[in-house]
Amino acid sequence: MAKGSIKASPRISPDSDTSDPTLSFFNKPHTITLLVSTFLFLLYVAFYTNDTDENINNKWGLGAGSMVFIIIGIVLFRDGPFIRPHPAMWRAVLAMNVLYEMGLIYILFQNKASARGTMKFFDSKLGIPLPEKSYAENCEFTPANVWDGIDIFVLAHSLGWFGKALILRDNLICWIISIFFELCEYSLEHQLANFAECWWDHFTPHSWTSYEWAPTRRLFNYFGFVILILAFTLAELNVFYLKYLLWVPPEHYLVIARLSLIFLFGIPCVREYYEFYSNP
């Protein structure tokens, strides 16, 4: 490798893991099987579900339409950068990513009241103002105060750091995102009360596998690096603004499902981004 160059990402062939004869069933297309299974499922939904509740009907229709789109994606979308546990899984992830983006586009054209009403479609308990908790009301360093500050956000931050380390594979960029997010917290305390923290309320894990992002190697790397940091920071801030603007509590299944999907979206996304970044 030439001096000053960046570590190139190896291009992965989707057919490079098909040598094991015990996996031959999973390495063959099953389009007809998927078609028949989907058809039988839709027949069951159409004839054996309760059609008296309009809200449930709408949920079944949305879910069935999403399932059909995901199956179409599994059959027709191109393979991504990963082959395990199976390329079809990552094609399904890409299809779910497209569905999620379509949902975001719909929300983009709603006002706050309409968007909050949309959340009530998924859960009738939503759509009401949420209490805001400040973590800086009493900053005395005592066991009681420390224990009071331990809530679902502690687990969320820990899992988030672990997920980012798996996706980014670089200790430096994880630290930069962490510091940048702290700055965002300080600057947005006037909107999000739970961004106010005591001086002792900070912790970070460590990443052990690395990409060579090398942001100072060339101008292209620098701007690509900055864009990646901004994208991750905005994704993290969106969690808190989902709570602030749409009144969805952090422990709600919609938030947990969204974060889980974003984690799955981020794994192949950053892998492909790094391949473009290292092989422009």
Side-chain angles (χ1 to χ4, degrees), residues 55 59 62 96-97 99-139 145-164 167-168 174 176-204 226-266 269:
N55 185 263
K59 289 180 179 178
L62 181 63
M96 288 187 286
N97 198 344
L99 285 173
Y100 178 70
E101 293 299 326
M102 292 170 66
L104 291 182
I105 292 172
Y106 172 81
I107 293 293
L108 178 65
F109 292 92
Q110 309 303 309
N111 56 33
K112 285 193 294 186
S114 297
R116 290 165 181 166
T118 302
M119 296 298 104
K120 291 181 69 69
F121 169 78
F122 296 101
D123 188 342
S124 59
K125 296 179 181 179
L126 297 178
I128 59 176
L130 299 177
E132 288 286 349
K133 177 181 179 180
S134 174
Y135 296 87
E137 292 178 352
N138 184 1
C139 288
N145 281 344
V146 173
W147 180 256
D148 183 63
I150 297 177
D151 54 17
I152 192 173
F153 286 112
V154 174
L155 177 63
H157 280 304
S158 301
L159 293 177
W161 251 102
F162 181 71
K164 282 184 290 185
I167 293 172
L168 296 169
C174 285
I176 291 175
I177 290 176
S178 177
I179 295 171
F180 187 57
F181 187 77
E182 292 297 325
L183 295 176
C184 290
E185 285 189 327
Y186 284 124
S187 61
L188 295 173
E189 287 179 2
H190 62 286
Q191 286 186 337
L192 304 172
N194 56 322
F195 271 5
E197 297 176 337
C198 294
W199 60 268
W200 40 263
D201 188 21
H202 301 282
F203 62 93
T204 54
V226 171
I227 290 172
L228 184 65
I229 291 174
L230 291 176
F232 266 79
T233 304
L234 288 174
E236 293 190 54
L237 286 175
N238 282 341
V239 178
F240 297 92
Y241 276 99
L242 179 65
K243 171 179 177 288
Y244 174 70
L245 295 175
L246 301 185
W247 298 343
V248 182
E251 65 276 8
H252 197 273
Y253 78 90
L254 285 177
V255 176
I256 297 173
R258 176 183 175 274
L259 290 176
S260 300
L261 286 175
I262 287 179
F263 172 70
L264 287 176
F265 300 160
C269 176

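Quick note: residue numbers are just sequence positions, from 1.
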Partners meeting side-chain contact (heavy atoms from CB on, under 4.5 Å) with I167 (sequence neighbours left out): F232, F263, I267, V270
Salt bridge (Lys or Arg N to Asp or Glu O under 4.0 Å) contacts in which one or both residues fall within residues 102-113, not counting sequence neighbours: none
Spacing of N97 atom CG and L261 atom CG [to the nearest 0.5 Å]: 8.5 Å
Which residues share a side-chain contact (heavy atoms from CB on, under 4.5 Å) with K59, sequence neighbours left out: N55, F121
Qualifying residues under side-chain contact (heavy atoms from CB on, under 4.5 Å), relative to S260, sequence neighbours excluded: I256
Any S114 side-chain heavy atom under 4.5 Å of N111 side chain: yes
Neighbour count >12 (heavy atoms, 6.0 Å) for atom CZ, F265: yes
Heavy-atom check, side chain of T118 versus side chain of L246, under 4.5 Å: no
Gap between atom CD1 of I177 and atom CG of L230 - 0.5 Å precision: 9.5 Å
Any residue meeting side-chain contact (heavy atoms from CB on, under 4.5 Å) with K125, in chain and number order, not counting sequence neighbours: D123
Atom pair CG (L228) and SG (C269), whose distance is rounded to the nearest 0.5 Å: 8.5 Å
Contact check, side chains of L126 and W247, non-hydrogen atoms, under 4.5 Å: no
Heavy-atom pair of closest approach, residues P249 and V255: O-CG2, 3.4 Å
Main-chain N/O of L245 paired to R116 side chain as donor or acceptor, under 3.5 Å: yes
Closest contact, heavy atoms only, F181 versus F240: CZ-CE1, 3.5 Å
Nearest heavy atoms of M119 and L254, plus distance in Å: SD-CD1, 4.3 Å
Anything under 3.5 Å between a donor and an acceptor, one on a side chain of residues 100-109, the other on a protein residue two or more places apart or in another chain? List them.
unit_1, atom_1, unit_2, atom_2, d
Y100, OH, R258, NE, 2.8

Side chain to side chain, L242 and N238, heavy atoms closer than 4.5 Å: no
Reported CD1-to-CD1 distance for the pair I176 and I229, which is rounded to 0.5 angstrom: 4.5 Å
